[in-house]
Amino acid sequence: MKKNEEIATIFERIADILELKGENIFKVRAYRRASEALLGMDEDLSSPERMEEMAGIEGIGKSMAGKIKEYLETGSIAKYKDLISDVPETLLPLLKIQALGPRTIMAAFRELGVRDLESIEKAVADGRLAALPGMGEKKVENIRMGIEMYKTGKERISIGLALPVAEEMMLPLRAVAEKVSLAGSARRMRETVGDLDILATCSDCSRAVDAFVSHPLVRKVNARGETKASVIIGTYNLQVDLRVVAPESYGAALLYFTGSTAHNVKLRGRARDMDLKVNEYGVFRGEEMVAGKREEDVYRILGLQWIPPEIREDRGEIEAALAGKVPELVRAEDIRGDIHTHSNYSDGTNDIRTIALAARDMGYGYVGICDHSAASRIAGGMDEKKLGARNEEIDEVNREIRGIEVLKGIEVDILSDGRLDYPDRILEKLDFVIAAIHQGFRKDAAKRMKSAMDNPLVDIIAHPTGRLLSGRSGYDLDIDEIIEYAAGKNVSLEINSHFDRLDLNDLNILRARSAGARFLISTDLHEAGMFANIRYGVGMARRGWLTRKDVLNTYEWKDVPLRRRSKCCR
DNA sequence: GCCGTTTTCGGCCCGACTGTTTTCAGTCG
Ligand SMILES: Nc1nc2c(ncn2[C@H]2C[C@H](O)[C@@H](COP(=O)(O)OP(=O)(O)OP(=O)(O)O)O2)c(=O)[nH]1
Ligand SMILES: [Mg+2]
Ligand SMILES: [Mg+2]
Ligand SMILES: [Zn+2]
């Protein structure tokens, strides 16, 4: 998807430039929408011949298709080159600064010669920005703080870090509000969130807003009104937004605040076509409120099935809901076992018995111990002797403990020459094999992964892209090539729930699903207390529109469609 | 720039908060 991503980035930049130049906002949105559409496509635009794939994609019309073709043929887009000659490239990142929008940036550029972060800081400091018409001390002070945040804070954080903080922020609200609900991208379980969004319903809402802004974690209050407030908290410098409404508006408000924006806009457009109006207070036919208490009621009056938050991204879910074809997404309760767990035989902290008991407490029927192979030395990789001892201990635990089946697995290293770290003689004695690259990210990664998949004893590829949200970009390979190959060989792809991995992510899952791949959702835990983190992987799977049957570990162990059990593709 | 069981032109989601404003623009959700 390299080309799609490149073109999406250019469209995003064109949108930014047009916005700065004060172009028609709908044109700006058209470019943003086209950018999103490119990222959400099933097909890789690797060459101009694949242009037919564009036909019928919503948001990509004649002009966009022409520019895409131009890029694929020539490697650049003339319109972008034109635009970027008018506006310094270094101005675009300033749009990310809170309280600093396109009008102010452009005024500062035209009137004060501001061209980048450094020069806007100077204009703030020496009072020139405040002197511009319509500006003033307070506005500039807000911009100054926005710049501070921009320079220090990370842009987005993993859902796995954000959800526990959200729960902490919601706790004291529960005492003063009727209902307190998570909303925004966190409720949609996006892999990363830009902030936290919380909805509360109440009869006396000023008390709820008070409680919120005086939460002990709050460092700064951005805004505070009758119906909403916005704060920055100490944890991760996160912004947290609170919205309050009366109970009769709960459904409409939750729908609004859960988003996504694109989902909201499309729903509201549909409502308009039906001579209805949707806002965060309800659905209105003229003056009369005709729905609003429950999300389901709002969808129903628009002729739609209720849509799970995870897929509210305007990726076809509204069309599916109209046709009554919203998929039954995989649920946390469907997960029957977790087979990517590390014991103290490699780099885990707990013994096998402890892991087994914790898995049983989760209600699982089985748990797979999946320690590192010898080559992962820093991760305590096991030699053959140690593996033998571990397998004996698993047998022992299975004899001792009822109600959970402990399985013998391995996270076997894919070596630098593409061979596996253990011979088949060892692998075939195990219940399942997960293969992964842990070293040599730049060295023939695709070729090595494929040669690993050529071994019929390999059931699953772990964290298939290798990227870390904290920064590491991942293996040097084309993930679509790996997806195709895995689907063809009946090798399953992991959805790793670790907060820094979330790998595969939603977009990759969507394409892998179209390619016919199967998936394993696992925690990759190193501590028995971490089983519940599976929820992040389940969230990712749901965002990828997966159902129960797409996911290996929703089956009882004897029925899990492992590659090694399949008749074909050996 | 996109799009069409109202349309091939004229719409495109809707509202809250802040600051600088004497009536509303800018920014954000
Ligand atoms: N109707 C409408 N709703 C919006 C708009 N902008 C934001 N919202 C709603 C939908 C969003 O999911 C919700 C929260 O806004 P956020 O800016 O926090 O976005 P969101 O949480 O989706 O993503 P994030 O991870 O925070 O960047 O508010 C808008 O322009 N129109
Ligand atoms: Mg948000
Ligand atoms: Mg928000
Ligand atoms: Zn692992």
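What you see below is based on every heavy atom in this structure, not just the backbone, and it leaves out hydrogens, waters and symmetry mates. Within every chain, numbering begins at 1; the chains are lettered A, B, ... in the order of the sequence lines, protein sequences first and strands thereafter.
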When rounded to the nearest Å, what value does the distance between [atom1] atoms of [N] and [M] take?
N: B:dT5; M: B:dC12; atom1: P; value: 16 Å
N: B:dC17; M: B:dT21; atom1: C1'; value: 15 Å
N: B:dG11; M: B:dT22; atom1: C1'; value: 33 Å
N: B:dG10; M: B:dA16; atom1: C1'; value: 29 Å
N: B:dA25; M: B:dT20; atom1: P; value: 16 Å
N: B:dC3; M: B:dC13; atom1: P; value: 14 Å

Calculate the interatomic distance between [X] atom [atom1] and [N] atom [atom2]; express it in whole Å.
X: A:Ile97; N: B:dG26; atom1: CD1; atom2: C1'; answer: 16 Å
X: A:Asp241; N: B:dT27; atom1: CG; atom2: C1'; answer: 13 Å
X: A:Lys228; N: B:dT27; atom1: NZ; atom2: P; answer: 15 Å
X: A:Glu280; N: B:dG29; atom1: CD; atom2: P; answer: 14 Å
X: A:Asp273; N: B:dC13; atom1: CG; atom2: P; answer: 10 Å
X: A:Ile25; N: B:dC28; atom1: CD1; atom2: P; answer: 12 Å
X: A:Glu58; N: B:dG1; atom1: CD; atom2: P; answer: 18 Å
X: A:Asn142; N: B:dA25; atom1: CG; atom2: P; answer: 20 Å

Legend entry - Contact check, side chains of A:Leu502 and A:Arg467, non-hydrogen atoms, under 4.5 Å: yes
Legend entry - A:Ile57 and A:Met64: CA distance, side-chain angles, deciding distance, side-chain contact (heavy atoms from CB on, under 4.5 Å) verdict: CA-CA 11 Å; A:Ile57 292 189; A:Met64 299 287 184; over 6 Å; no
Let's see if you can work this out: which of [options] has an atom nearest to the side-chain heavy atoms of [X]?
X: A:Met64; options: B:dG1, B:dG19, B:dT18; value: B:dG1
X: A:Lys79; options: B:dC13, B:dG29, B:dG1; value: B:dG1
X: A:Lys138; options: B:dT20, B:dT27, B:dC17; value: B:dT20

[N] OP1/OP2 closer than 4.0 Å to side-chain N/O of [X]:
X: A:Thr227; N: B:dC17; answer: yes
X: A:Gln239; N: B:dG29; answer: yes
X: A:Tyr281; N: B:dA16; answer: yes
X: A:Lys139; N: B:dT27; answer: no
X: A:Ser63; N: B:dG1; answer: yes
X: A:Thr104; N: B:dT27; answer: yes
X: A:Asn279; N: B:dC13; answer: no
X: A:Arg272; N: B:dC12; answer: yes
X: A:Arg29; N: B:dC13; answer: yes

Inset, instruction - Return the nucleotide paired to B:dC28: Watson-Crick means purine N1 to pyrimidine N3 with N6-O4 or O6-N4, wobble means G-U with N1-O2 and O6-N3, both under 3.5 Å. - result: B:dG15
Just checking [X]: base, sugar-phosphate only, or nothing, at a heavy-atom cut-off of under 4.0 Å?
X: A:Lys277; result: sugar-phosphate
X: A:Leu267; result: nothing
X: A:Val278; result: sugar-phosphate

Inset, instruction - Using only heavy-atom distances, decide whether a donor-acceptor pair under 3.5 angstrom links the side-chain of A:Tyr256 to the base of B:dG29. - result: yes
Legend entry - Of A:Asp42, A:Asp480, A:Asp44, the residue whose pairing with A:Arg511 passes side chain to side chain donor-acceptor pair (under 3.5 Å): A:Asp480
Inset, instruction - Determine, stepwise, if the pair A:Ile479 / A:Leu504 fulfils side-chain contact (heavy atoms from CB on, under 4.5 Å). - result: CA-CA 10 Å; A:Ile479 188 61; A:Leu504 298 176; 4.2 Å; yes
Inset, instruction - Check the surroundings of atom CZ in A:Arg548: do more than 12 heavy atoms from other residues, nucleotides or ligands lie under 6.0 Å from it? - result: no
Inset, instruction - Hey, which sits more toward the 5' end of DNA chain B by its nearest nucleotide, A:Asp197 or A:Thr261? - result: A:Thr261
Legend entry - First of A:Met135 and A:Gly59 reached from the 5' end of DNA chain B, by closest nucleotide: A:Gly59
Legend entry - Check: A:Arg543 side chain, A:Arg188 main-chain N or O, donor-acceptor pair, under 3.5 Å: yes
Legend entry - Worked check of side-chain contact (heavy atoms from CB on, under 4.5 Å) between A:Lys79 and A:Lys67: CA-CA 8 Å; A:Lys79 162 118 179 169; A:Lys67 291 183 176 67; 3.8 Å; yes
